[in-house]
Each structure stands twice: as C-alpha cells, then as structure tokens.
Amino acid sequence: MIYSLNNKQTGSECRLFVHPELFDRDFYGKDREKKLLTIAWNKGEDQKVIIDGIDYIFASGTVLCLMVNQSFQFEDSSQIVAWQFNRDFYCIETHDEEVSCVGFLFYGSADVMFIAVDEKDHEKLSFLQSIFIEEFQEIDGIQEDMIRMLIKRLIIIITRLGKKQFLKEELPEVKLDIIRSFNLLVEKNYKTQHSVKFYADQLHKSPKTLSNLFRLYNSQSPSSVIQQRIFLEAKRLLLFTDKSVKEITFELGFEDVSYFSNFFKRLSGNTPVSFKKKKPVKK
C-alpha cells in the first residue's frame, strides 16, 4: 500500500510505503527529478539491499536512512515499510535544531548505517506507523502539518537509536555538532575543496582539533572522510552515467586525469576505466 501527500502549490511531497510489491530508487535514471530522502524499515527477515551497486545485508528489524542521490533496490520490498519526503515538505537542514540528524543520519561520514530496533522501539515505530496511516487518510486543512510533525518525531526516534548504537559515550553533544557540521560541509563542497584546512577554517577550528574529534567519533580521519566522499561520487558517476573519465576528473575537482586515476586506483585497486567496465546492465 502506498500513501502520499502532494501539495502542488508548495511542491512538498511525502510518501508512506507499507509492504509494497516494488520499492526502489534509480537516481541516475527514472528518479532523478524526485529529490526524496528515504527512511526504510525491514519488518521481515534478513534480506539483501543493493545500494549504489553494492550488496548489503539488511537485517531483520533494522532501519536504513538513504540520501536523495543514492540508488537502491530491495530483495523483498513486501517486507519493507518506508517513508520518503522532499526538502519542501521538511528540510532537515533548516530544522536541524529540532532533529539533530544532519551530518549523522543524513550527510554523515558513514556510507551506510543500519540501525537496530529493539522490541520496545518496534512497538513505538509500529504505533507511529498506524498514526501516519490515519493522517494520510484524514484529508483536511491541517493534514500536512500533522504528517510533518510525525516525520519530525520519526527522525528524532531514529536519531536517538543511532546515537546510542554508533557513538562513543565520551563524545559530548557539542563536539558531535562540530563533526556533523564538518560532514555537511564536505557534502556541499567535496567537488571543489579537497583539503582539511578549508573545512577547519570554515568551522574556526584547527585541522589538528578536527583530527582529535574524529578520533573520538570513529576510526576515520577528516582527510579520509573527504577522500571517501569523492571516491563514492566517482564510483557512482562511473557506474551509472555515460560521462568519460576526463569529464568525471574535472567534475570532482581534479586538474589532471592521471592524478585522479592514481587517486581512484589507490582506493579501489582498479583504474577508473576498468571499474567503469563493471557498469551494471539495466534490465
């Protein structure tokens, strides 16, 4: 079942998928114009999910947050409950003080984050799902506001779960906010800015301070976060577009094709040309 709200005047859009027969996203194809964030919950058994051409195990009872520019396909969509919404419906950047998810659940340094839902939170999410369904069916002047409040509540619940599972206890919220801001800056600037110093200057911190913070947060360094984001985009462009290696080189802020090729080979073990040959064939 698919429930949807579309406000043609404001462009806001929100959807709820409850055990759909088909649920996927092809950002570089049919879904390019739909700028939708996705929150997917696997209520069935363990299954495979393909994200940007990579296979992952989507464990039973876990939640997965996916970006606008990620392509994905589930092995068994009928076991999935998912929410999608665009920026016009609820802008997570504008409302970050409310939900604190930017740079963590979305725009985070981790490529893919699977968040486990225990029995207590399963009941909470199931109850919230039922309220969503009621509000999608209640068409009146405050329907959109009600669903927006529910989306906010959903994000807060999942953010809390994610922080408990993926953050070290000794990392204070104020330090996490710096890391989240760094991650968002990288997302917005990685194609033109490759140095840690640029981001440190934007945050009024020293590169050393950022490195110390990331040592508390996870094993990645700020430099690694930047490189991995560039590498991720390079893989997407090579696999899902017809752009040449030269075009991708300049799009990602490299001045020389050989330098980009060496960068890509160092991180993947393959040259861009050989990697592009792995491009999946669309059925």
Side-chain angles (χ1 to χ4, degrees), residues 1-27 30-44 49 58 61-74 76-108 113 115 117 119-163 184:
M1 187 69 181
I2 303 174
Y3 303 89
S4 64
L5 181 149
N6 293 278
N7 188 325
K8 294 183 179 179
Q9 289 184 320
T10 64
S12 66
E13 184 174 355
C14 184
R15 304 171 177 175
L16 169 61
F17 296 80
V18 181
H19 308 302
E21 290 185 12
L22 178 63
F23 177 61
D24 62 3
R25 182 166 174 79
D26 181 8
F27 175 71
K30 62 182 177 64
D31 299 312
R32 187 64 186 250
E33 300 304 317
K34 293 287 186 179
K35 310 296 185 182
L36 298 167
L37 294 172
T38 301
I39 299 173
W41 181 20
N42 182 12
K43 299 186 74 173
V49 57
F58 193 8
T62 59
V63 171
L64 173 62
C65 297
L66 294 154
M67 288 296 300
V68 167
N69 56 2
Q70 286 181 298
S71 298
F72 57 81
Q73 182 178 359
F74 296 99
D76 185 3
S77 298
S78 68
Q79 300 302 313
I80 301 297
V81 170
W83 294 263
Q84 288 187 319
F85 58 96
N86 65 3
R87 183 186 181 95
D88 292 317
F89 180 80
Y90 190 80
C91 177
I92 58 174
E93 291 182 48
T94 303
H95 299 283
D96 186 58
E97 289 188 4
E98 298 176 349
V99 292
S100 300
C101 70
V102 176
F104 180 62
L105 288 186
F106 301 101
Y107 308 113
M113 182 186 295
I115 300 171
V117 178
E119 185 175 346
K120 177 183 176 182
D121 289 303
H122 183 281
E123 293 179 2
K124 188 184 298 184
L125 288 180
S126 293
F127 178 67
L128 191 59
Q129 174 190 328
S130 65
I131 300 176
F132 264 105
I133 293 173
E134 289 180 8
E135 291 302 330
F136 271 109
Q137 295 174 328
E138 190 71 41
I139 302 174
D140 58 22
I142 61 171
Q143 180 196 33
E144 185 170 344
D145 289 334
M146 289 295 292
I147 296 176
R148 189 175 290 111
M149 285 190 290
L150 293 174
I151 282 289
K152 173 183 171 181
R153 184 177 177 185
L154 174 67
I155 295 171
I156 290 172
I157 290 172
I158 296 170
T159 300
R160 285 174 175 170
L161 286 173
K163 287 181 177 180
L184 181 59

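This is a predicted model, so every value here is computed, not measured.
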K.L.:
Nearest 0.5 Å please: distance from the CD atom of Glu135 over to the CD atom of Gln143.
P.N.:
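The CD atom of Glu135 sits 7.5 Å away from the CD atom of Gln143.
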K.L.:
Hey, could you give me the OH/OG distance between Tyr90 and Ser12, rounded to the nearest 0.5 Å?
P.N.:
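Those atoms lie 14.0 Å apart.
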K.L.:
Taking all non-hydrogen atoms of both residues, which atom of Phe136 and which atom of Arg15 are closest, and how far apart?
P.N.:
CZ-C, 4.2 Å
K.L.:
Could you tell me how the ring of Phe72 sits relative to the ring of Phe23: parallel (under 30°), tilted (30 to 60°) or perpendicular (over 60°)?
P.N.:
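The rings of Phe72 and Phe23 sit tilted, inter-plane angle from 30° to 60°.
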K.L.:
Check whether Ser71 reaches the backbone of Phe27 with its side chain - one donor and one acceptor, N or O, closer than 3.5 Å.
P.N.:
yes
K.L.:
If you take all heavy atoms of Gln9 and Asn7, which pair is closest and at what distance?
P.N.:
N-OD1, 3.0 Å
K.L.:
Around Glu21, counting heavy atoms of other residues, nucleotides and ligands shown, do more than 12 lie under 6.0 Å from its CD?
P.N.:
no
K.L.:
At what distance, to the nearest 0.5 angstrom, does CD1 of Ile39 lie from CD1 of Ile115?
P.N.:
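Taking CD1 in Ile39 and CD1 in Ile115, the distance rounds to 9.0 Å.
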K.L.:
Could you walk me through whether Ile133 and Tyr3 satisfy the side-chain contact (heavy atoms from CB on, under 4.5 Å) test, starting with their C-alpha distance in whole Å, then the side-chain angles of each, then the deciding distance to 0.1 Å, before giving a yes or no?
P.N.:
CA-CA 7 Å; Ile133 293 173; Tyr3 303 89; 3.5 Å; yes
K.L.:
Provide the closest heavy-atom pair for Val117 versus His122 in the form atom of the first, atom of the second, distance.
P.N.:
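Looks like CG1-N, 3.3 Å.
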K.L.:
Do the non-hydrogen side-chain atoms of Lys152 and His95 ever get within less than 4.5 Å of each other?
P.N.:
no
K.L.:
Is there a donor-acceptor pair closer than 3.5 Å between any side-chain N or O of Glu13 and the backbone N or O of Phe89?
P.N.:
no
K.L.:
For the pair Trp83 and Trp41, name the ring-plane relationship: parallel under 30°, tilted 30 to 60°, perpendicular over 60°.
P.N.:
parallel
K.L.:
Please identify which of these residues, Ile157, Ile151, Ile156, meets the side-chain contact (heavy atoms from CB on, under 4.5 Å) condition with Arg153.
P.N.:
Ile157
K.L.:
side-chain contact (heavy atoms from CB on, under 4.5 Å) for Lys34 and Asn86? Distances and angles first, verdict last.
P.N.:
CA-CA 8 Å; Lys34 293 287 186 179; Asn86 65 3; over 6 Å; no
K.L.:
Can you check whether Ser78's main-chain N or O pairs, donor with acceptor, with Asp76's side chain at less than 3.5 Å?
P.N.:
yes
K.L.:
Rounded at 0.5 Å granularity, tell me how far CZ in Phe132 sits from CG in Leu150.
P.N.:
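The CZ atom of Phe132 sits 4.5 Å away from the CG atom of Leu150.
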K.L.:
Would you please indicate if the ring centroids of Phe58 and Phe74 are separated by under 6.0 Å?
P.N.:
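Centroid distance Phe58-Phe74: below 6.0 Å, so yes.
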K.L.:
Taking all non-hydrogen atoms of both residues, which atom of Glu144 and which atom of Thr10 are closest, and how far apart?
P.N.:
OE2-OG1, 4.2 Å
K.L.:
For Pro20 versus Ile80, what's the shortest heavy-atom pair and its separation?
P.N.:
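Nearest pair, atom of Pro20 first, then Ile80: CD-O, 3.3 Å.
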K.L.:
Distance from Thr159 atom OG1 to Glu98 atom CD, nearest 0.5 Å?
P.N.:
12.0 Å
K.L.:
Using a 3.5 Å distance criterion without hydrogens, assess whether the side chain of Asp121 forms a donor-acceptor pair with backbone atoms of Lys124.
P.N.:
no
K.L.:
Please name the pair of heavy atoms, one in Asp31 and one in Asp26, separated by the smallest distance, quoted to 0.1 Å.
P.N.:
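Taking Asp31 first and Asp26 second, the nearest heavy atoms are OD2-N, 2.7 Å.
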K.L.:
Just do the side-chain contact (heavy atoms from CB on, under 4.5 Å) check on Leu125 and Gln129 with the steps written out, would you?
P.N.:
CA-CA 6 Å; Leu125 288 180; Gln129 174 190 328; over 6 Å; no
K.L.:
Might you work through the side-chain contact (heavy atoms from CB on, under 4.5 Å) test for Phe85 and Arg148, ending with a clear yes or no?
P.N.:
CA-CA 9 Å; Phe85 58 96; Arg148 189 175 290 111; over 6 Å; no
K.L.:
In Å, rounded to the nearest 0.5 Å, how long is the span from SG of Cys65 to CD of Gln70?
P.N.:
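Here the rounded value is 10.0 Å.
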